[in-house]
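Data first, discussion second: the structure below is written as structure tokens.
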Amino acid sequence: MASSNVQAPKGTVDMLPATARVWEHLQRVAQKMFSLYGYEPVYTPIFEHTDVFVRGIGEATDIVGKEMYTFLDKGNPPRSLTLRPEGTASIVRAALEHGLTANGQGAKLYYAGPMFRYERPQAGRQRQFWQIGVEALGMAEASADAEVIALLVRFFEATGIPHDRMRLLINSMGDDVCRPDYRAKIAAYIHAHASVLCEECGRRAETNPLRAFDCKNPGCHSVMASAPLLRDELCDECATHYGAVKAYLDHLGIAYEEDPSLVRGLDYYTRTVFEVQASGLGAQNAIGGGGRYDRLMEQYGGAPTPGLGWAVGFERILLALKAAGIEVPVRPVAEVFVARAVPEVAGDAFLITDSLRRAGVAAEIDHQARSLKSQFKSADRLGARFVVVVGPDEIATGQVTVRDMTAGTESRVEIRDLDTTIIDRLRG
RNA sequence: GUGGGUGUAGCUCAGUUGGUUAGAGCGUCGGACUGUGGCUCCGAAGGUCGCGGGUUCGAGCCCCGUUACCCACCCCA
């Protein structure tokens, strides 16, 4: 327990070095995968005009209804701004604002950073959390859906999460042609069974009837199991598109499960939706999810432009890796530790350290006037492969002692040859 | 927003039906080895027992309140 009376706000965490290093590793993995698939980075503001999220995500959603961090700024009149609760709305707004999809151009973009939602924290859920995501704009073909899904699956593979601890769920939510009819049909179904469904589902008939499918109430679950499925009510074009997506996934050998009850909570989704769940995470087991949003650009007043994408939660990837017992490779903090035997040679040791650093070697030195023994302990703890000992003897002869910490052997090296010798032994 | 659980050293946790100076392991620092890590041994530092009230001769332990964290509902990545 900290002795301090100041602490991070509820639902936020400090990422200390042990976690932050894993974070950077995951970001490197992501960037490498994204570049293989032709995605380019985009950084948008962490806050937007509130309207960007209200129009994009939908007024009736929980995110907009009760989870946004919204505030007024000091403008005259004040503007209503909101800390971003997700990434897609901002990316689409930016793409439209800067004409990235003008004249039918496509754009493949990725983003990474913190998102903010006012929710009750629990396992795998914080008020500030990290997402990394991709958006493919201007691409209507089913092959784009398959590529985006493939990238999601392959990214998770690259992080080290084992196959048998993940599953990919897919579904189609239809479009403007078939979804309204289906939605009305489900609302009618709910009304017809209102007496046996829970109150919440009764309300859902008006707000978002499709949500009744993933109601946790066992009674509702069994009643909804007999409800008509959107999969069987898709219009011809949606059915064709969905079939093509599945065919592409089959072709790529990507395993998936069709889940007719998979419903994304954000209003902007159309047609293909998907989610990857990982085992061992508790209640919040979705580590990534997304879908197609062919009408979103129009919501912002742009030309009709198809789009699709996904987001993954970094905290949950960490949980999944931990649950699977996967150790993320961590590089040593220092490759070389420069130890000084007596305080009088501190200047020489410092110069040697600086020279190694300028030569591209991660070199560390003690700044706490500790004993030689302690300096060796530090070197060991930092994972240093070599310790360079600097003392009066070394300065007098111009040869430092180099100890190989793995082999346990020592040799003398001319100071002027030290950088190249160390580099040869480290990289050779 | 609604439930349930838990707050004792930097970390993980003991702490008897309330009883004197609150403990262990790990970690940190020092020493054994006066210029050499990992193993071992010895020693040291480190604590408003979450916070505030109450009961009691006496509270880490009992009661009330409060706050934080955890887990679940809900929702989502």
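Everything quoted here is computed from the prediction, not taken from an experiment.
Rounded to a whole Å, the CG atom of A:Leu281 is 16 Å from the C1' atom of B:C75. When rounded to the nearest whole Å, the span between CZ of A:Arg117 and C1' of B:G1 equals 18 Å. Following rounding to the nearest Å, A:Lys66 (NZ) and B:C75 (C1') show an atom-to-atom distance of 7 Å. Summarising the geometry, the separation between CD on A:Glu275 and C1' on B:C75 is reported as 11 Å, rounded to the nearest angstrom. When the P atom of B:A77 is taken as reference, atom CG of A:Leu262 falls 10 Å away, rounded to whole Å. Atom CD in A:Glu315 sits about 12 Å away from atom P in B:C70, given to the nearest Å. Note: CG (A:Leu318) to P (B:A77) measures 19 Å, nearest angstrom. Protein atom CD1 of A:Ile161 is 16 Å distant from nucleotide atom P of B:A77, rounded to whole Å.
Within the 4.0 Å cut-off from OP1 or OP2 of B:C75, not a single side-chain nitrogen or oxygen of A:Arg120 is found. For A:Gln122, a side-chain nitrogen or oxygen approaches OP1 or OP2 of B:A72 to under 4.0 Å.
You'll find that the side chain of A:Ser374 is closest to B:C29, out of B:A77, B:A72, B:C29. Comparing B:C29, B:C70, B:A72 by their nearest atom to the side chain of A:Pro121 picks out B:C70. Distance from the side chain of A:Gln7 is smallest for B:A68 among the nucleotides B:A68, B:G3, B:C75.
RNA chain B is contacted by A:Lys10, A:Gly11 of residues 8-17 of chain A, taking any non-hydrogen atom closer than 4.0 Å.
In this structure, a donor-acceptor pair under 3.5 Å is present between the side chains of A:Glu258 and A:Tyr242. Defined by atom type and a distance below 3.5 Å, a donor-acceptor pair is present between the side-chain atoms of A:Ser90 and A:Glu48. Residues A:Arg292 and A:Ser172 bring no donor and acceptor atom of their side chains to less than 3.5 Å of each other. A donor-acceptor contact closer than 3.5 angstrom links the side chains of A:Thr88 and A:Glu135.
With a 4.5 Å cut-off on side-chain heavy atoms, A:Tyr268 and A:Gln299 do not count as touching. At a threshold of 4.5 Å between non-hydrogen side-chain atoms, the residues A:Glu315 and A:Trp130 count as touching.
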Could you run down nucleotides 34-46 of chain B 5' to 3' and tag each one B, S or - for protein heavy-atom contact under 4.0 Å? -BBBB--------
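With hydrogens and angles ignored, no donor-acceptor pair closer than 3.5 Å exists between the side chain of A:Arg125 and the base of B:C70. For B:C76, the base has no donor-acceptor partner in the side chain of A:Gln126 [N/O atoms by modelled type, under 3.5 angstrom].
When all heavy atoms are compared, the tightest approach of A:Phe155 to A:Val312 is CE2-CG2, 3.8 Å.
Mapping A:Ser371 and A:Glu67 onto RNA chain B by nearest heavy atom places A:Ser371 closer to the 5' end of the strand.
Stacking of A:Arg127 on the aromatic ring of A:Phe116 is not recorded, the 6.0 Å distance cut-off and the 45° axial limit not both being met.
Nucleotide B:G38 has no partner under the Watson-Crick or G-U criteria, as no pair reaches both atom distances under 3.5 Å.
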